[in-house]
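These notes are about the structure you will find just below.
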Amino acid sequence: MDADTPRVLVNTRRLEPTVTAGAAWKLQESRRDLDSNVIVLPPGGGIDAHDGPPLDVLVHVLAGSGELGTDGEPVALEPGALVWLPRGSRRQFTAGPEGLRYLTVHQRRQALTLEPFSG
């Protein structure tokens with residue numbers, strides 16, 4: 001199939017439940033402008049507070065529940081919630097008692113290019 005042909009990449013409801021923490025799926029297409037992942041956090045698990053990358057990120061909650069910690073009020077996460085994380089914003093994810101599964105989508109970051117030193 002041609003790389004530029006629209007198609008279903010994955011059915012998120014059918015992802016293998018064997019991944020209990022981390023990335024359950026990643027966008028692997030070589031010719032793309034976006035990055036996307038399905039992230040799984042176990043019950044009570046989380047991602048420590050950090051400043052996000054210098055690009056906007058959309059988060060779509062697929063299953064479970066949790067809380068998004070921010071510099072402002074915490075944001076409740078439940079299935080169907082579509083959350084915008086502005087570039088560089090402070091964020092912390094904490095999963096609820098049934099865990100948390102969410103899809104992230106953001107602009108693809110350019111790979112680091114190393115130039116030879118010419119001193």
Side-chain angles (χ1 to χ4, degrees):
M1 181 178 292
D2 186 316
D4 294 329
T5 302
R7 64 196 174 281
V8 173
L9 297 174
V10 66
N11 183 323
T12 59
R13 293 191 305 177
R14 294 190 184 130
L15 282 174
E16 288 297 318
T18 56
V19 175
T20 57
W25 175 84
K26 294 180 181 182
L27 185 59
Q28 299 287 336
E29 305 305 301
S30 59
R31 293 181 53 193
R32 66 182 195 273
D33 294 329
L34 295 174
D35 274 332
S36 185
N37 305 291
V38 172
I39 303 298
V40 177
L41 298 177
I47 298 174
D48 290 337
H50 65 283
D51 294 328
L55 42 84
D56 296 338
V57 178
L58 280 178
V59 171
H60 184 237
V61 178
L62 303 171
S65 66
E67 184 175 274
L68 170 66
T70 70
D71 280 338
E73 294 293 317
V75 176
L77 300 175
E78 61 182 27
L82 183 61
V83 181
W84 173 52
L85 304 176
R87 68 188 70 206
S89 62
R90 192 89 175 143
R91 69 229 23 209
Q92 176 179 357
F93 290 87
T94 305
E98 64 279 348
L100 181 64
R101 182 181 290 242
Y102 59 90
L103 172 76
T104 67
V105 180
H106 56 80
Q107 182 179 6
R108 186 175 187 186
R109 292 188 245 186
Q110 296 302 315
L112 180 63
T113 305
L114 300 176
E115 299 288 329
F117 177 74
S118 58

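No experiment lies behind these values; they were computed from the predicted model shown.
The hydrophobic cluster containing Trp25 does not contain Leu41, counting ILVMFWY residues as joined when their side-chain heavy atoms lie under 4.5 angstrom apart, directly or transitively. Val57 and Leu82 end up in different hydrophobic clusters when Ile, Leu, Val, Met, Phe, Trp and Tyr side chains are linked at under 4.5 Å. With hydrophobic clusters built from ILVMFWY side chains whose heavy atoms lie under 4.5 angstrom apart, Leu103 does not share a cluster with Ile47.
The side-chain contact (heavy atoms from CB on, under 4.5 Å) search around Asp48 returns none, not counting sequence neighbours. Applying the side-chain contact (heavy atoms from CB on, under 4.5 Å) criterion to Ala49, with sequence neighbours excluded, gives Arg90, Gln92. Under the side-chain contact (heavy atoms from CB on, under 4.5 Å) criterion, Ala23 pairs with Lys26, Ile39, not counting sequence neighbours.
Here the closest heavy-atom approach between residue Ala95 and residue Pro42 is recorded as CB-O, 3.3 Å. Of all non-hydrogen atoms in Val105 and Ser36, the two that sit nearest each other are CG2-OG, 3.7 Å. Between Pro43 and Pro97, the shortest heavy-atom contact is CB-O, 3.1 Å. Between Arg101 and Ala24, the closest heavy-atom pair is NH1-CB, 4.3 Å.
Atom CG of Leu77 sits about 8.5 Å away from atom OG of Ser65, to the nearest 0.5 Å. Considering CD of Glu29 and CG of Leu34, their distance stands at 11.5 Å, rounded to 0.5 Å.
Looking at Arg14, its side chain never comes within 3.5 Å of a backbone N or O of Asn11 through a donor-acceptor pair.
In Glu98, the CD atom is crowded: over 12 heavy atoms of neighbouring residues, nucleotides or ligands sit closer than 6.0 Å.
Sequence neighbours left out, the pairs with a member in residues 40-94 that pass ring-ring contact (aromatic ring centres under 6.0 Å, His included) are Phe93-Tyr102. Residue pairs satisfying the salt bridge (charged side-chain N to carboxylate O under 4.0 Å, His left out) criterion with at least one member in residues 52-76, sequence neighbours excluded, are listed as follows: Asp56-Arg87. Listed by first and then second residue, the ring-ring contact (aromatic ring centres under 6.0 Å, His included) pairs involving residues 26-45 amount to none (not counting sequence neighbours).
Each of Leu55, Leu58, Leu68, Thr104 was evaluated against Leu85; a single residue qualifies, Leu68, per the side-chain contact (heavy atoms from CB on, under 4.5 Å) test.
Taking 4.5 Å as the limit, every side-chain heavy atom of Arg108 sits out of range of all side-chain heavy atoms of Leu27.
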